[in-house]
Amino acid sequence: MKFGACVGTNAEKIKVLKEAGFDYIETNMTDIATISDDDFNAFLQALKENEIPCEASNCFIPGEYKLVGDNVDYACISAYVAKALERASRVGIKSAVFGSGGARRVPDGVLREDAHKQIAYFLKEIVSPEAAKYGIRIAIEPLNKKECNCLNSVLEGVALADAIGCDNIKTLADLYHVFLENDPLDRIAMLKGKIIHSHIANPVGRCYPAPGDGFDYAPFMKAIRDAGCTRCSLEAGTKDFAKEAPLALAVLKAL
């Protein structure tokens, strides 16, 4: 299992991860798609200087790009996706996480079935062909009901990916959302080849795992390993990143 952490484009945090022994960093797709050329080049330089790869990204598309409803601007969305994935390819991203709860939220009056069809169209017709140009895979991220009103369980994410039928559209499992939605870990463990990326946090407070924090991470880690997932990123808040990130990595490696 490779371990990383979500750090956006923060050069200091990138350095901390390298020194702590993390395998990769996870960046923010919206950030790399919208920052200036100078800032983007500075991010690439930080990766090069610290000799650590950026293998994943989260926050695929900003909330203002609505994917569901009557007023979906596919031309604008397509232009954003093309730029985002081109930059992602230059960074070296292998898996791009599609959470984006604001973008995929179902407006009042729209049937859930119709919303799923629109999201599927976005992923199959716009994202998948563009991502295929660069060998990037997309991981649908199920979000808990407080963050989004559709695609709330790992099984729902897998069902949508299966319905889309593209080899580069799969699913993510995030312990925080799995815990809040009571997703069955035994079912997740059976999803061989369908979980390509994962996120982890202590779901009680959504903080970094820490030695002796009282939460049992082993069942989740076993489930995603059994499903064939080989990459796991820390995604949570911290009070002292430089101190807490290495401790969290030690907890995960001990599993």
Heavy-atom nearest pair, L172 first then P142, reads O-CD, 3.2 Å
Would you say the side chain of L191 lies within less than 4.5 Å of the side chain of L155, judging by non-hydrogen atoms?
yes
Might you confirm whether atom CD of E64 has over 12 heavy atoms from other residues, nucleotides or ligands at distances under 6.0 Å?
yes
Evaluate the criterion side chain to side chain contact (heavy atoms under 4.5 Å, CB included) for residue pair F241 and V7; output intermediate values, then yes/no.
CA-CA 10 Å; F241 181 82; V7 295; 3.6 Å; yes
When the ring planes of H197 and H199 are compared, do they come out parallel, tilted or perpendicular, using 30° and 60° as the limits?
perpendicular
Where P209 and A201 come nearest, the two heavy atoms and their spacing
CD-CA, 4.2 Å
Hey, does the side chain of K18 reach the backbone of E51 with a donor-acceptor pair shorter than 3.5 angstrom?
yes
Using the rule given for side chain to side chain contact (heavy atoms under 4.5 Å, CB included), can you reason through T9 versus D39, listing the C-alpha separation, both sets of side-chain angles and the distance that settles it, and then say yes or no?
CA-CA 9 Å; T9 58; D39 287 341; over 6 Å; no
Would you kindly confirm whether Y176 and F3 end up in one hydrophobic cluster when ILVMFWY residues are joined by side chain heavy atoms under 4.5 Å apart?
yes
Give a yes or no on whether K83 atom NZ has more than 12 heavy-atom contacts from other residues, nucleotides or ligands under 6.0 Å away.
yes
Check for me whether R104 meets the cation-pi criterion with F98, that is, NZ or CZ under 6.0 Å from the six-membered ring centre and within 45 degrees of the ring axis.
yes
NZ of K94: more than 12 outside heavy atoms within 6.0 angstrom?
no
Got a donor-acceptor contact below 3.5 angstrom from the S78 side chain to the A75 backbone?
no
Taking all non-hydrogen atoms of both residues into account, name the closest pair between C150 and H116 and its distance.
CB-NE2, 4.3 Å
Any side-chain heavy atom of D73 within less than 4.5 Å of one from Y65?
no
From CG (N149) to CG (N152), nearest 0.5 Å:
7.5 Å
Are I169 and I188 connected into the same hydrophobic cluster when the rule is that any two of I, L, V, M, F, W, Y join if their side-chain heavy atoms are below 4.5 Å apart?
yes
Any donor-acceptor N/O pair, S100 side chain to I61 backbone, under 3.5 Å:
yes
Heavy-atom check, side chain of L47 versus side chain of I25, under 4.5 Å
yes
Neighbour count above 12 (heavy atom, 6.0 Å) for M1 CE
yes
Minimum side-chain heavy-atom gap V91-F40 below 4.5 Å:
yes
Check for me, please, whether I196 and I164 land in the same ILVMFWY cluster - side-chain distances under 4.5 Å, paths through other members count.
no
Check the surroundings of atom CG in D186: do more than 12 heavy atoms from other residues, nucleotides or ligands lie under 6.0 Å from it?
yes
Looking at D213 and A210, would you say the former's side chain and the latter's main chain have a donor-acceptor pair under 3.5 Å?
yes
Going by an N to O cut-off under 4.0 Å, is there a salt bridge joining D23 and R231?
no
First locate atom CD of Q118, then atom NZ of K66, and finally report the distance between them rounded to the nearest 0.5 Å.
13.0 Å
Side chains of I119 and I140, heavy atoms from C-beta outward: is any pair under 4.5 Å?
no
Please determine if R187 and D183 form a salt bridge, counting it only when a charged side-chain N lies under 4.0 Å from a carboxylate O.
no
K194 and D162, any side-chain heavy atoms less than 4.5 Å apart:
yes
I need the E147 CD to L180 CG distance, nearest 0.5 Å.
8.0 Å
With rounding to the nearest 0.5 angstrom, report the CE to CD1 distance, M190 to I195.
12.5 Å
Would F22 and V16 count as a side chain to side chain contact (heavy atoms under 4.5 Å, CB included) here? Give the steps.
CA-CA 9 Å; F22 282 80; V16 168; over 6 Å; no
Rounded at 0.5 Å granularity, tell me how far CE in M29 sits from CD1 in I138.
6.0 Å
Just wondering, do S128 and L123 contact through their side chains at under 4.5 Å, heavy atoms?
no
Lys/Arg N to Asp/Glu carboxylate O, K239 vs E244, below 4.0 Å:
no
Apply side chain to side chain contact (heavy atoms under 4.5 Å, CB included) to residues L252 and L234 and explain how you reach the verdict.
CA-CA 10 Å; L252 298 180; L234 293 164; 3.9 Å; yes
Of all heavy-atom pairs linking N202 and F215, the shortest is ND2-CB, 4.0 Å
Approximate separation, where rounding is to 0.5 Å, of L85 CG and I93 CD1:
8.5 Å
Is there a continuous path of hydrophobic side-chain contacts, each under 4.5 Å between heavy atoms, that joins V127 to L143?
no
Using 4.0 Å as the upper bound for N to carboxylate O, is an ion pair formed by R87 and D37?
yes
Tested for ring-ring contact (aromatic ring centres under 6.0 Å, His included) against Y74, the lone hit among F122, Y80, Y121 is Y121
Should the heavy atoms of other residues, nucleotides or ligands under 6.0 Å from CG of D240 be counted, would the total exceed 12?
yes
Between D174 and V97, is any pair of side-chain heavy atoms under 4.5 Å apart?
no
Minimum heavy-atom distance between N28 and N58, given as atom pair plus value:
CA-OD1, 3.6 Å
Shortest non-hydrogen contact from L247 to P211?
CB-CD, 4.0 Å
Quick check: is L175 connected to M221 through a chain of hydrophobic side chains (ILVMFWY, heavy atoms under 4.5 Å apart)?
yes
